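Numbers restart at 1 for each chain; the letters A, B, ... are given by sequence-line order, proteins then strands. Keep in mind the model is a prediction, meaning the values are calculated, not measured.
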Amino acid sequence: MRVLLIHSDYLKYQTKSKTKIAEKIDDEKKKGSFENSLVAFTAVEKEDEADMQGVVENAVKEIADVFSKVGAENVVVYPYAHLSSSLSSPDAAKKILIEIESELAEMDIKVARVPFGWYKSFEVSCKGHPLSELSRTITSQKTEEKEKEKGEESKWYILDEGQLIAPEEFDFYNKDLEQLTKYELGKSESSGEEPPHVKLMKEKGLADYEPSADVGHLRWYPKGRLIRDLLADYVYLLVTKEGAMPVETPIMYDLADDAIRVHAEKFGERQYRLGHKKKELMLRYACCFGAFRVLSDSFLTWKNLPARIYELSTYSFRMEKKGEVVGLKRLRGFTMPDLHTVCRDLGQSLVEFDRQIDLCMRTGEDFNVNYEVIFRATKDFYDEYKEWMHASAQKIGKPVLLEILPERKNYWISKMDFAAIDYLGRPIENPTVQIDVESGERFDITFLEENEQEDYPIILHCSPTGSIERVICSLLEKTAVEMDEKPPMLPVWLSPTQVRILPIAERHMDYALELARELKDHNVRVDVDDRPERVGKKIRNAATDWVPYVAVIGDNELESEELTINIRETQEKQAMTREDLVKLVKQETNEMPFRALPLPLKLSERINF
RNA sequence: GCCUCGAUAGCUUAGUAGGUAGAGCGCGGGAUUCGUAAUCCCGAGGCCGCGGGUUCAAUUCCCGCUCGAGGCUCCA
C-alpha cells in the first residue's frame, strides 16, 4: 500500500461523476470539508490482498503515529489510485479502506473517509512544516522486524595476525582491502562512470541486455554461453571432487508451504513473485529451497554426515532495485553454484567451513583474480569461537575485514564473503561460506544420531565462485584494471578462440584448414580467418577478439615445419612446431575444463551477433 | 522505488535555431592475392525508442511511457 500523508489546514472535496467501480453513497457524502486534518491519500496495491489484515494493522499504526506527532484534529482517508501502478482489485481496496477507517475510529480518532470510485474535485492546503508531507510504503510485514534491523550497529575491525584493529587506525598496504573497507563502511566516493565490463561484454559478443525481458535478464551469445558452460564445468568438477552430490530442483515454490514462506520472507521485498489464479508462487533466489526439500525427505544418519548437495542454479531470481541492476554485476536473473553441507554439529561444520575456505581461495587462484575477505559473526559466536575464527582468518594469508553483529538477525551465525574489486574500486561479491543454524529445524531436516535420537543438523551454504555472471564480471573488470600493464584478454582456457590461423592468400587456405583440423583434434579451440582481407586487418581483428595465439600462414610456413606464433600476452613472435603449439596451449590451460568451439571454423561463415 | 542525464542505420555517432537526415565500422557487389593493428571503388540499409500534445508542418518544442547510465533511500 502507498500512503501520502498531508497535514493540511483544510481539505475540501466534491464528487463529480461515477466510475464503474463507484461505491454507493448518501448525498451527504457527496461533498465534504475538514480543517486541521491529516489527509491520508491511499492506494491499495495488488500485494496487499495476500494479507489484508496485516496491511490494515500497519497502516493504522503508521497513520495514528503521524497523527499524534503533528497534532491534527482529524484524519481523512482519501482513496488515491495514482500513487501506485499495481493496484489491487476495487473490492479489496474498499474493504481495506473501510477497515482502516473503523480501526482508527476505535482508537478515538475523529476520522472520515472520502468515497471510493468517484471522480472528485478537491482542494488541499498543506501546512508546510517538516512533517506535513510524508510518504509511506506499507506492507503486511511485522513492524517489529524492521525496528530490530535498525537496532544496535555492527562493530568493524581489521583482523590481522590475530589482532583486532579499528579500520581507521589500520595502515592499509593493500589498496583492494582499503577500498572494500571504505565501501562496507559507506565511506567510498563514487565517480559516476559505467563499469567497463558492460561495454566489454557487448563488444566481445558475450552477452547483452534483453529489453523484451524484465530488467536484469541477459541474452547470452555463443561465446558467452561457452564461457558460462566452461565455468559451470569447472565448479562441477571442483565440488564433486570434494564429495558433493549434484541434484537439480525446481525454480519455483509454493508459498503455501510454511517453511518456504518463512525462508522466503527473510528476503523481504527482493522476492520474485509469480502471481497465479489460486497459487502464490515465488521464484527461487538460491538453491536452498530445493536442496532443503530434498534433504528433509531423505533419511539421514550420523554416518551420512557431512553430506554435500550441489546445484548450479540456472537461474536464481532476485528482484533487485531497478536502479541497482547493472551489467553482469547485479542481475535479477543469475546463475549461482550452490553447495549445501549438512553437518552433525557445530564442530563438524567448522571443519567443513575451513575446507570450503580453501575451495573459495582456490577459485581465486584458478581465475587469477584477487579476493578480499569479509568475515562476519554474531557477537555470541565470536566470543565463543574466537580462536577458530582467528585461525580461519589466518588461512587467508592477509588481513581481513571483520564484522561483529550485536545479535543474530539472519539465519547465519557466521559467514565469510570474498570480493573482487572492480575498475571503479567497488566490490564484486563473489564466493561465500555461511553457517546456517535455522533451516535444519524450519525445513524439518533431521538425522539419526549415534544414540538413536533424532537431531537437527547445522547446514553450511557455500558458493565457491559466487555467481557465474560475477565471475565473468570480475575477469572483464580485471582486464580494464590492468589495461596499462598488458594487453587485455581472458584466461586461455576461457578464451573462445585459443588459436587463430591467418592464411595470407588463397593458396595458403588448404594448409591453414588442414592445420586447424589437426589442432581441433587435439582439443584446441581454433578458427581460420579465411576472409579475403589483408594480413594487417586480420591481425587487428584477432587482437580485438583477444585471441591468445595467432598463426600467420604464408609461403614460408608452407615450406617449413615451423609456425610463427604471435603470443598476445607477451606480444612476442615465436617460431615453433605444431606439437609445441599444442603443448603450449595445454600448459596454459593446465587441467582446466575444455569444450569445443561452438562456432563455424571459418570466420567468413560466422554471424555477427 | 526516487532524482539527474541519455536514446538518430546492426554498432559508434554528426546534424536539424521546427520544413522527414549525413559519416565511420559492419554488411552486399566489384577490383586487388597481399607477410603482422583498418586496400580501393560502388551499393543497400533510417517511422531519428514508443504513445500523445502544440503547430500548416515535429527527429527537433512540451507531456507520458519504455529501455539504458549514474546517483540516492524518506530527504526536499
Side-chain angles (χ1 to χ4, degrees), chain A residues 1-5 43 45 47 62 66 82-86 126 128-139 146 149-150 186 188-199 201-205 208-219 221 268-270 319-327 329-330 424 426 487-488 500-509 512 529-547 549-560 563-568 571-575 603-609:
Chain A
M1 173 190 293
R2 295 305 181 86
V3 181
L4 176 64
L5 296 164
E45 298 180 289
E47 59 174 48
E62 194 66 50
V66 174
H82 318 288
L83 293 170
S84 170
S85 54
S86 166
C126 177
H129 61 74
L131 289 177
S132 65
E133 297 174 81
L134 296 167
S135 74
R136 294 282 185 266
T137 301
I138 291 168
T139 64
K146 283 184 196 161
E149 279 170 31
K150 282 182 188 163
S188 72
E189 63 265 20
S190 42
S191 64
E193 288 170 78
E194 177 184 66
H197 79 268
V198 181
K199 201 172 160 217
M201 75 180 193
K202 298 180 188 181
E203 215 172 78
K204 303 304 164 194
D208 206 343
Y209 295 118
E210 175 49 76
S212 297
D214 189 13
V215 175
H217 294 265
L218 299 178
R219 56 163 78 145
Y221 301 115
E269 287 182 358
R270 289 199 286 161
M319 191 51 84
E320 302 291 3
K321 287 178 195 164
K322 208 175 160 199
E324 285 179 343
V325 173
V326 56
K329 193 171 176 182
R330 189 170 272 185
L424 302 171
R426 299 179 295 201
R500 174 160 300 164
I501 302 170
L502 306 190
I504 290 174
E506 197 70 45
R507 65 178 178 282
H508 308 121
M509 200 64 75
D529 193 344
D530 61 326
R531 298 171 304 171
E533 297 289 348
R534 297 225 138 104
V535 184
K537 180 153 183 175
K538 292 184 184 183
I539 287 281
R540 184 189 155 85
N541 284 154
T544 54
D545 283 349
W546 292 358
V547 176
Y549 304 105
V550 178
V552 178
I553 304 298
D555 292 340
N556 300 343
E557 282 71 20
L558 254 54
E559 282 157 24
S560 104
L563 300 167
T564 311
I565 305 299
N566 293 256
I567 301 173
R568 180 167 177 78
Q571 293 192 283
E572 281 172 344
K573 273 188 265 183
Q574 246 184 58
L603 258 59
S604 66
E605 294 170 6
R606 294 242 176 113
I607 296 176
N608 232 335
F609 289 106

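Nucleotides U13(B) and U54(B) have their P atoms positioned 35 Å apart, rounded to a whole Å. The separation of U20(B) from G46(B), taken at their C1' atoms, amounts to 10 Å, rounded to a whole angstrom. A57(B) and U16(B) have their C1' atoms separated by 14 Å, given to the nearest Å. The P atoms of G18(B) and C75(B) are separated by 43 Å, rounded to the nearest whole Å. U59(B) and U8(B) are spaced 15 Å apart, taking the P atom of each and rounding to whole Å. U36(B) and G29(B) have their P atoms separated by 28 Å, given to the nearest Å. Of the P atoms belonging to C27(B) and A17(B), the separation is 35 Å, rounded to the nearest Å. Taking the C1' atom of each, A7(B) and C65(B) are spaced 14 Å apart, rounded to whole Å.
A 4.5 Å side-chain heavy-atom check between Asp208(A) and Phe609(A) finds every atom pair outside the cut-off. His508(A) is listed as a side-chain neighbour of Leu558(A), based on a closest heavy-atom distance under 4.5 Å.
Atom-to-atom, NZ of Lys202(A) to C1' of C67(B) comes out at 10 Å; the value is rounded to the nearest Å. At whole-Å resolution of the value, CG in Asp214(A) and C1' in G68(B) are 14 Å apart. Summarising the geometry, the separation between NZ on Lys322(A) and C1' on C5(B) is reported as 14 Å, rounded to the nearest angstrom. When the C1' atom of G71(B) is taken as reference, atom CZ of Arg330(A) falls 14 Å away, rounded to whole Å. Spacing between atom CZ of Arg270(A) and atom C1' of G1(B) amounts to 15 Å, rounded to whole angstrom units. One can place CD of Glu203(A) at 14 Å from C1' of G26(B), the figure rounded to the nearest angstrom. Between the CG atom of Asn608(A) and the P atom of C11(B) there is a distance of 11 Å, rounded to whole Å. The distance between atom CD of Glu324(A) and atom C1' of G1(B), rounded to the nearest whole Å, is 10 Å.
Using a distance-only test at 3.5 Å, with no hydrogens or angles considered, no donor-acceptor pair links the side chain of Arg500(A) to the main chain of Ile539(A). With hydrogens and angles disregarded, a donor-acceptor distance shorter than 3.5 Å links the side chain of Lys204(A) to the backbone of Thr544(A).
The pairing partner recorded for A57(B) is none, the criterion being a Watson-Crick or G-U wobble arrangement whose two distances lie under 3.5 angstrom. Base pairing of G46(B): no nucleotide in any strand meets the Watson-Crick or G-U wobble criterion (both distances under 3.5 Å). With both pairing distances under 3.5 Å, C25(B) is matched to G10(B) as a Watson-Crick or G-U wobble pair. When Watson-Crick and G-U wobble pairs are counted only if both distances are under 3.5 Å, A69(B) pairs with U4(B). Both distances falling under 3.5 Å, in either a Watson-Crick or a G-U wobble arrangement, occur for no nucleotide opposite A37(B). In this structure U20(B) sits in no base pair that meets the Watson-Crick or G-U test at under 3.5 Å. Across all strands shown, U32(B) forms no Watson-Crick or G-U wobble pair with both distances under 3.5 Å.
Each of Gly216(A) and Lys321(A) was assigned the nucleotide of RNA chain B with the nearest heavy atom; the assignment lying further toward the 5' end belongs to Gly216(A).
In this structure, Glu320(A) reaches neither bases nor backbone, as no heavy-atom distance under 4.0 Å exists between it and the strands shown. Val326(A) comes within 4.0 angstrom of sugar-phosphate atoms only, judged by non-hydrogen atoms across all strands, and of no base. As judged by a 4.0 angstrom heavy-atom cut-off over every strand, Pro195(A) is placed among residues touching the sugar-phosphate backbone only.
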Tyr549(A) and Ile567(A): CA distance, side-chain angles, deciding distance, side-chain contact (heavy atoms from CB on, under 4.5 Å) verdict
CA-CA 5 Å; Tyr549(A) 304 105; Ile567(A) 301 173; 3.9 Å; yes

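Rounded to the nearest 0.5 Å, atoms CD (Glu533(A)) and CG (Leu502(A)) are 11.5 Å apart. The OG1 atom of Thr564(A) sits 10.5 Å away from the CD atom of Gln574(A) when rounded to the nearest 0.5 Å. Here the CG-NZ distance, from Asp545(A) to Lys538(A), works out to 13.5 Å after rounding to the nearest 0.5 Å.
For the residue pair Arg531(A)/Asn541(A), the side-chain donor-acceptor check at 3.5 Å is satisfied.
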Sugar-phosphate atoms are those with a prime plus P, OP1 and OP2; base atoms are the rest. Using that split, label each nucleotide of nucleotides 32-38 of chain B B, S or - for protein heavy atoms under 4.0 Å, 5' to 3'.
-BBBBBB

